[in-house]
Amino acid sequence: MKAAVQKAINRVEVEEVPEPVTQPEQVKVKIAFAGICGTDIEILHGQFGLVKPEFPKIEGHEASGVIVEVGSKTKLGYQVGQRVAMVPAAPCGACYFCRNGQEAFCEHNTMYSGAFAEYGVYGEGQVFPLPDEVSLEVGTMLEPLSIAMRGCDVGRVGPGKSVAILGSGPIGLLTLMVAERSGASKILVSEPVAYKREFAERMGATRTVDPTSEDVASVGFELTGGRGFDAVFDCTGKLEAARQAVHLAGPGGHVVWAAVYPVGKEVGVSPWLLYEKDLSIHGLFQSPYFLWRASAMLPVLDLEPLITHVYPLERINEAFADQMAGRVMKALIQP
Ligand SMILES: [Zn+2]
Ligand SMILES: [Zn+2]
């Protein structure tokens, strides 16, 4: 089969590789689409803290496709021909963390088979059936949507709450959609790239800000009657934005660092500020608890407009370049 194989840092080549072999507890999927995620770019640069820069490897974890083979020891009744979305990891269900409500930290996760390829094999816990009305393109949004849902959950977004979102890439926009559905009264979105800011405007942000020309804090405090926000999300992964998120939060506010940050870097946060404002700061490490609920939201939210570009597998390097240049919202690879 054809696959995009990463050979070295910043070097991906499309070539023939053997098809993966389905284990008895797995299903094999003909990949329809695989989204490019921010972490794929970090892996490309050898900078993602969870993935060692070891090669060759095939990436791609936000995927959808059609089941072509079902292992003999599967239990959930999956059928050949069934349309599914796939997610990066399946927790074992038995270890300490799995039995403590912390599946994200499972010590025996089944990890993904890279989806920038024609076929992939997945444990049953990594595939989710797609409702008929959800396109295979939108199916790739299952995992990022689950992250946004978990973010709004830990950020206690609810009716009447005020929300600030830093960065309107896919995670920022999904957070905006979920916050709006959750009843947020005011949503501020800060984004330097005009193309991305316009998405936030179309999708119902109360106010958008270009942080390169406006002072986000003054706009934010004005919007919230001088109090600051009930929930603030950093969806940029930039240290300066993570720091700024803390300052935008109002009394009792929740700050969610909803991004992947560089390993070993620190952000100065005043403990006095946390005391004075009774703030909580949350990290977001995966979202296995939200996948079934996220799959129930796929047909409810209007996700098609987020998918702006589809590239054939052969053009994956062009897709990476466009993604890095901020020219696309969500890019999909079609193997
Ligand atoms: Zn992702
Ligand atoms: Zn486990």
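What you see is a predicted model; the values in this text were computed from it and never measured. Both counts, for ligands and for their atoms, begin at 1 and track the order of listing.
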By atom name, which N, O or S atom of H61 is the nearest to the Zn ion (ligand 1)?
NE2

Taking atom types as modelled, is there a side-chain donor on D153 or Y289 under 3.5 Å from an acceptor on the other?
no

From C92, does some N, O or S atom reach closer than 2.8 Å to the Zn ion (ligand 2)?
yes

The Zn ion (ligand 1) - name of the N/O/S atom of E62 that sits closest to it:
OE2

Between K28 and T22, the two heavy atoms sitting closest are CB-OG1, 3.3 Å

From D40, does some N, O or S atom reach closer than 2.8 Å to the Zn ion (ligand 1)?
no

Give a yes or no on whether a salt bridge exists between R156 and D230, defined as a side-chain N under 4.0 angstrom from a carboxylate O.
no

Side chains of S135 and E304: is there a donor and an acceptor less than 3.5 Å apart?
yes

Does a donor on one side chain sit under 3.5 Å from an acceptor on the other, for T208 and E201?
yes

Taking the Zn ion (ligand 2) as the vertex, what is the angle from SG of C98 to SG of C106, given to 10 degrees?
100°

